[in-house]
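Working notes for the structure below.
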Number of protein chains: 2
Amino acid sequence: MSNVSMKFGDVAERYDARARVLKALAHPTRLFIVDRLSEREHCVGELTEAIGADTSTVSKHLSVLKSAGIVSDEKRGLTVNYSLRVPCVLNFFGCVEAVLQANADEQMRALRCGTGE
Amino acid sequence: MSNVSMKFGDVAERYDARARVLKALAHPTRLFIVDRLSEREHCVGELTEAIGADTSTVSKHLSVLKSAGIVSDEKRGLTVNYSLRVPCVLNFFGCVEAVLQANADEQMRALRCGTGE
DNA sequence: TGGCTATTTGGCATTATAGCCAATTACTTG
DNA sequence: CAAGTAATTGGCTATAATGCCAAATAGCCA
């Protein structure tokens, strides 16, 4: 566990892999998709309708999430149905909201007490 | 709370804000930085040494994290010391590892049982 | 003040993402 | 098999992110 002078080069692959997962989540549309899938599975058409973009765009977002292992797909009849494969990603929202709240608080404080930055 | 046919357009700003936070995290070097800062605060020079990139590069990564509200900085003497502002981001690592593990399992299963994809 | 160290900023080339349209594939049903 | 619906893929342009170097800033100490 000795972290003394730990070098990035020695562990870069691990952080690369982690970053790939987070990068897949780091897009407004894809976060919206994850949120929808947390309720129930959806086919591409349903998501496309809710998002209001081209079907191909939504399909590509889904493929990004799938490649990262965040969602899984199952073809049934005419539709392809996507579902959340690793529900723990939903925990992210709580922390992200906490960050946003902290930012909002800070901003408020800066305004009240004279210019911050 | 009715999610019936929720439209992305109506809530896009919220997802934009969330995505900005996740995007700040979605880079191997920045994840490494967050991990280092989870132990204790570090100045830019220490992080630069561990990362092995140009100082300016590391400084810019820190500025990305700071803009997102994930880290805070404090200048003391010659150095600028960064620390984790919202420690709950560390919880992300656990879930991300779970995703990676699930991916690895899947891959293993595919290899054993004949080609998956 | 002048020099020194630590950090940030500006600028630029390289690469990666996003999103649209058009074309293609996959499946179902008449 | 033909036609129709659902989804994916290829291609392209526009925009954003990375990372280096060089230059600018900021604080400390002779």
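This one's a predicted model, so the numbers in the text were calculated from it and none came from an experiment. A note on names: the letters A, B, ... follow the listed sequences, proteins ahead of strands, and every chain is numbered from 1.
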Just by distance, with hydrogens left out, do B/H61 and B/R30 show a side-chain donor and acceptor under 3.5 Å apart? yes

Is the closest side-chain donor-acceptor distance between A/N103 and B/R20 under 3.5 Å? no

Once you round it to whole Å, what is the distance between [atom2] of [N] and [atom1] of [X]?
X     : N      : atom1 : atom2 : answer
B/H42 : C/dA6  : NE2   : C1'   : 17 Å
A/D73 : D/dT9  : CG    : P     : 10 Å
B/I51 : D/dC20 : CD1   : P     : 11 Å
B/E41 : C/dA6  : CD    : P     : 16 Å
A/N81 : C/dA26 : CG    : C1'   : 15 Å
A/D16 : C/dA16 : CG    : P     : 13 Å
B/E49 : C/dA6  : CD    : P     : 12 Å
B/I33 : C/dT7  : CD1   : C1'   : 14 Å

Side chain of [X] only, heavy atoms from C-beta on: which candidate in [options] is closest?
X     : options               : result
B/H27 : C/dT8, D/dT8, D/dG19  : D/dG19
A/R30 : C/dG11, C/dA18, D/dA7 : C/dA18
B/C43 : C/dT7, C/dT9, C/dC20  : C/dT7

Should the pair [X]-[Y] be classified as a salt bridge under the 4.0 Å nitrogen-to-oxygen rule?
X     : Y     : value
A/E46 : A/R40 : yes
A/E41 : A/R76 : yes
A/R85 : A/D73 : no

When B/V89, B/L90, B/N91 are each screened for side-chain contact (heavy atoms from CB on, under 4.5 Å) with B/F93, the one that passes is B/L90

Establish whether A/L47 and A/V64 are linked, either directly or via other cluster members, by ILVMFWY side-chain heavy-atom contacts under 4.5 Å.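 They do not share one cluster, since no chain of ILVMFWY contacts under 4.5 Å joins A/L47 to A/V64.
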
If D/dA30 has a Watson-Crick or G-U wobble mate with both distances under 3.5 Å, name it; if not, just say none.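 Base partner found: C/dT1.
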
Phosphate OP1/OP2 of [N] contacted by [X] side-chain N/O (<4.0 Å):
X     : N      : value
A/T57 : C/dC20 : yes
A/Y82 : D/dA6  : no
B/H61 : D/dA17 : no

Is A/T79 touching bases, backbone alone, or none of the nucleic acid, heavy atoms closer than 4.0 Å?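 Here A/T79 touches the backbone only, sparing every base.
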
Determine the contact category for B/K23: base if any of its heavy atoms lies under 4.0 Å from a base atom, sugar-phosphate if only primed atoms, P, OP1 or OP2 are that close, otherwise nothing.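 Here B/K23 touches the backbone only, sparing every base.
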
If the sugar-phosphate is the primed atoms plus P, OP1 and OP2 and the base is the rest, what is the B/S/- string for nucleotides 22-30 of chain D, using protein heavy atoms under 4.0 Å? B---SBS--

